[in-house]
Protein chains: 2
Amino acid sequence: MNESRYSSYSFLLDRTARRVKQYAQQQFTAQGFNITVDQWIVLKHLDEYGEMKQNALAELLFKDNPTLTRIIDLLCDKKLTVRNVHPEDRRSFNVSLTKEGAKKVQQLTPKVQAIRLKAWEGLTERDFNQFKKVLDTIYENLA
Amino acid sequence: MNESRYSSYSFLLDRTARRVKQYAQQQFTAQGFNITVDQWIVLKHLDEYGEMKQNALAELLFKDNPTLTRIIDLLCDKKLTVRNVHPEDRRSFNVSLTKEGAKKVQQLTPKVQAIRLKAWEGLTERDFNQFKKVLDTIYENLA
DNA sequence: GTATAATTATTGTTATACTAATTATTATTA
DNA sequence: TAATAATAATTAGTATAACAATAATTATAC
């Protein structure tokens, strides 16, 4: 790679990631979802994978424990998740969706997909595959 | 695009952007640069484009005014930038590098490039062009 | 079996992101 | 020209990100 050109990747990547999150958050707010994008990601994963330790959830989402602790605090305040004591390890909590949380996931999933799709206008499956390959490679290179 | 697959792009994008920034910051800290990645980006752009209003700088960096105000506060605390009153508009400041700031940019530029290059191991110029195309398209779709 | 190490979650601190509100100044309009 | 609108930067408030340090608990080592 040409050194002087590649340097821009980090700037473009950061800029675009911020724009994507910002756009989604604006839509979430405008449509009255009443949660943040990061809170949504936690809800969605809990719905998909079921109850799990904060630990495991953090790993799944590539967030650290303090960050996740605070997101879950807010979700619990909103009655969308609960912390249950772990039966085999009193250091841990099992985090799971409340009924209200599960309902929210069902209601919002198609709306969130529609919001996400907006970014892909004019792009193809092939673009996606190439894009994913580069993102995964970068991630692995720095892991 | 397949709706159920594309949804993952935002997750991958966010995850990778965070990893890239995190890796760079760890290197900055380990190598004693004594600035953050975002502070670096401001210094680098000021070096490239010369003194400008905060306003213009914010637009160039795709950051909002409050965010930039605080970054520049920190850079001024570190004596790397200065705010000068704008000769034609007393609402504005012209922000510019101090001598020390300019020296820092010269010293760190090759080191930062080396850090950034790490992420691109195994990737080609063609990967870069495709990657850039997708990032730019996403950004434009949401602009 | 007790001391030590490792693990889980939390709290504290600093920086960035975004929105809303505020202040000072400049531009526009009636 | 006086009132109003627009603009530049800042401040305030909430959320996320990263790191360090801590408390409670569990695992390991001697």
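Not measured: the values here are computed from a predicted model. We name chains A, B, ... by the order of the sequence lines, and we start the count at 1 in each one. Quick note: numbers below take in every heavy atom, side chains included, and nothing from hydrogens, waters or symmetry partners.
Residue-to-nucleotide contacts include a donor-acceptor pair under 3.5 Å from the side chain of A:R91 to the base of C:dT7.
Looking at heavy-atom distances under 4.0 Å, B:R18 makes contact with sugar-phosphate atoms alone, never a base. Residue-level contact check: A:Q22 touches the backbone only, with heavy atoms under 4.0 Å from sugar-phosphate atoms and none from bases. Residue-level contact check: B:Q26 touches the backbone only, with heavy atoms under 4.0 Å from sugar-phosphate atoms and none from bases. Nucleic acid contact for B:L68: none, since no nucleic acid atom lies under 4.0 Å from a heavy atom of the residue. At a threshold of 4.0 angstrom between heavy atoms, the contacts of B:T36 are confined to the sugar-phosphate backbone, with no base atom among them. In this structure, A:R19 reaches neither bases nor backbone, as no heavy-atom distance under 4.0 Å exists between it and the strands shown. Nucleic acid contact for A:T69: base, since at least one base atom lies under 4.0 Å from a heavy atom of the residue. Residue contacts shown for B:N55 are limited to sugar-phosphate atoms, with no base heavy atom under 4.0 Å away.
Ionic pairing of A:R70 and A:D64 is not present here: no N-O contact between side-chain nitrogen and carboxylate oxygen is shorter than 4.0 angstrom.
Nearest nucleotide to the side chain of A:D38, out of D:dT16, C:dA15, C:dT26: D:dT16.
If you measure from atom CD1 of A:I72 to atom C1' of C:dT10, you get 12 Å, rounded to the nearest angstrom.
Under a hydrophobic-cluster definition in which Ile, Leu, Val, Met, Phe, Trp and Tyr are linked whenever side-chain heavy atoms come within less than 4.5 Å, directly or via other members, B:V112 and B:L74 are assigned to different clusters.
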